[in-house]
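Both counts, for ligands and for their atoms, begin at 1 and track the order of listing.
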Amino acid sequence: MEFLDNPDKDGFYGTFGGAFVPECLKAEFENITAAFLNCKKDVKFHAELSDLYTHYVGRPSPVYFAKNLSRKYGADLYLKREDLNHTGAHKINHCLGEALLAKRMGKKKLIAETGAGQHGVALATAAAFVGLECDIYMGAVDVAKEKPNVDRMKLLGAKVISVTSGTQTLKDAVDAAFEVYSKTYPDVLYAIGSVVGPHPFPMMVEYFQSIVGKEARAQFTELTGSLPECVIACVGGGSNALGIFNGFLHDPSVALFGVEPLGKGTSLGSHAASITYGKEGILHGFKNLVLQDEHGNVANAYSIASGLDYPGVGPKHCYLKTIGRVHYDTVSDAEALDAFFELSRTEGIIPALESAHAVAYAVRLAKEKKFRKILVNLSGRGDKDVEYVLGLKRTVAVSK
Ligand SMILES: *Cc1c(COP(=O)(O)O)cnc(C)c1O
């Protein structure tokens, strides 16, 4: 199969991607690209990262045969257990890569924005380990909502900056963090939390996540004697999906499915399915499929899984959709919630609400009987969601 693994020198995958940054930052993004390409070639960098993956993160994460779920639905379902990583999700894979890169570049500080706090916690962890300062920008509304993650970031030594402009949520946190970054970049790396943002971040974050697919391909083959018939992952910005897809992109026999959050329904503002419903546009410095109204105003993104509610998506996903290599489909809040309970009860694994979208889609495909060997990327664990989900159940019980 003939297609682009890497972007062109300007960071484009077909028509998507690029680096639309202010003039003053252009040279800095070129520096980051050069530093990353050097690290990629450097045996010592690989040795350091690989040692961290083994002894700090706990890699390789297992591929697990979900016996009970498989029996129930009549297809063999396997889970790549990224939920077992240190800090509970796949995000630590690229946060450690970015932190090591920052250290190599002689930076003193990592900064980032966070919505629900998952990226903030993973980055604060990596910063603590590598010995860098860490400033996390967070909308004031989110700071109040996500107290446990705010406390964790502080405990890990990060500074949490509460942003009180605009709607006081993720978008305002991005704006505030970027404004500070554009004045302080000589000492700072802006560590983006997914395969989004200006070039080279989509390429770089994908590279750090590709360990997931590399492991999964070898483990699945060893366990079953063949490749999976399909691989499923949820798509927010798209990093866990590209991570696992990387092991199978060049295997034409393996169907790949990216699952977007349909939230409460198909109307603009009720979901975060950017590939399915978005239109080409530039958001946060790169060209991608953006949820927007007919005047080009960026829409609010919504999902029950806060890690999925981004109104854009990684440029490589837009490209993979265009060439037809990956199929993109949607799963609603309600279906994800059902899968959250189902996996907990049948396998004793509480998935993150994000990952529950992929599990729900696996169950859907199993019921359709088109695939018999299915691999799901379980991107994270659901401890963070338990209180919220049980609160929902109580609300539903009272309203009935
Ligand atoms: C952040 C997050 C996601 C969404 O991010 P991607 O970049 O699309 O992978 C998915 N699952 C979990 C558990 C997350 O924390």
Side-chain angles (χ1 to χ4, degrees), residues 61 79-95 97-98 112-125 142 146 149 152 170 191-197 201-213 231-246 256-261 272-275 284 286 288-289 301 303-318 320 326 328 330-331 336 339-340 343 349-361 376-386 388:
S61 65
L79 308 175
K80 175 64 171 160
R81 299 288 310 273
E82 290 298 295
D83 61 312
L84 294 177
N85 293 342
H86 179 43
T87 69
H90 68 291
K91 285 192 174 76
I92 192 73
N93 300 329
H94 64 248
C95 285
E98 288 174 321
E113 80 288 341
T114 194
Q118 294 306 110
H119 176 52
V121 169
L123 193 67
T125 302
D142 293 329
E146 310 288 346
N149 274 342
R152 283 167 86 195
L170 183 64
I192 292 176
S194 186
V195 286
V196 299
F201 281 90
M203 167 176 90
M204 205 157 81
V205 171
E206 175 183 347
Y207 179 75
F208 292 133
Q209 287 296 344
S210 65
I211 181 77
V212 178
V231 178
I232 304 169
C234 65
V235 177
S239 66
N240 87 88
L242 277 189
I244 196 157
F245 291 169
N246 251 266
L256 304 174
F257 293 93
V259 183
E260 295 199 293
S274 323
I275 301 182
H284 298 150
F286 68 110
N288 67 111
L289 293 168
S303 166
I304 192 170
S306 47
L308 301 180
D309 66 0
Y310 184 63
V313 65
K316 186 155 172 185
H317 283 289
C318 305
L320 290 168
V326 179
Y328 294 90
T330 59
V331 154
F340 179 89
L343 192 69
I349 298 170
I350 302 173
L353 280 171
E354 291 81 3
S355 324
H357 285 72
V359 175
Y361 199 71
V376 179
N377 199 16
L378 202 71
S379 53
R381 68 174 87 121
D383 306 31
K384 66 183 178 61
D385 299 316
V386 167
Y388 172 74

If you count the atoms of ligand 1 from 1 in the order shown, which ones are under 4.0 Å from a heavy atom of [X]?
| X | answer |
| --- | --- |
| Ala352 | 13 (C) |
| Ser194 | 6 (P), 7 (O) |
| Gly380 | 13 (C) |
| Cys234 | 10 (C) |
| Gly236 | 8 (O) |

For [atom], what's the nearest protein heavy-atom neighbour? Residue, atom name and distance, please.
| atom | result |
| --- | --- |
| atom 5 (O) of ligand 1 | Gly307 O, 4.0 Å |
| atom 14 (C) of ligand 1 | Lys91 NZ, 2.8 Å |
| atom 12 (C) of ligand 1 | Ser379 OG, 3.5 Å |

Would you say the side-chain atoms of [X] pair up with the backbone N or O of [Y], donor to acceptor, closer than 3.5 Å?
| X | Y | value |
| --- | --- | --- |
| Asn240 | Cys234 | yes |
| Glu354 | Gly236 | no |
| Gln209 | His90 | yes |
| Asn288 | Gly312 | no |
| Ser239 | Ser194 | no |

If I apply the N/O under 3.5 Å rule, does [X] come out as touching ligand 1?
| X | answer |
| --- | --- |
| Leu308 | no |
| Gln118 | no |
| Asn240 | yes |
| Gly238 | yes |
| Gly237 | yes |

- Message: Walk me through whether Met204 and Phe201 qualify under side-chain contact (heavy atoms from CB on, under 4.5 Å).
- Response: CA-CA 5 Å; Met204 205 157 81; Phe201 281 90; 3.4 Å; yes
- Does the ring center of His284 lie less than 6.0 Å from the ring center of Tyr310?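 Close enough - the centres of the two rings lie under 6.0 Å apart.
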- Measure Ser239 to ligand 1 on non-hydrogen atoms and call it side chain, backbone, both or neither using the 4.0 Å cut-off.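 Both of them.
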- Would you kindly specify which portion of Glu82 sits under 4.0 Å from ligand 1, judged on non-hydrogen atoms: side chain, backbone, both or neither?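 For Glu82, no heavy atom sits under 4.0 Å from ligand 1.
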- Task: Can you label the angle between the His317 ring and the Phe245 ring as parallel, tilted or perpendicular, going by 30° and 60°?
- Result: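 Aromatic pair His317/Phe245 classed perpendicular.
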- Query: Between His94 and His119, what is the ring plane arrangement, given parallel below 30°, perpendicular above 60°, and tilted in between?
  - Reply: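 Answer is tilted, since the angle falls between 30° and 60°.
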- Close approach, His119 and ligand 1, non-hydrogen under 4.0 angstrom: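 No; His119 lies far enough from ligand 1 that no heavy-atom distance drops under 4.0 Å.
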- Message: Are the side chains of Val313 and Val235 in contact, using a 4.5 Å heavy-atom criterion?
- Response: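 With C-beta onward as the side chain, the pair touches.
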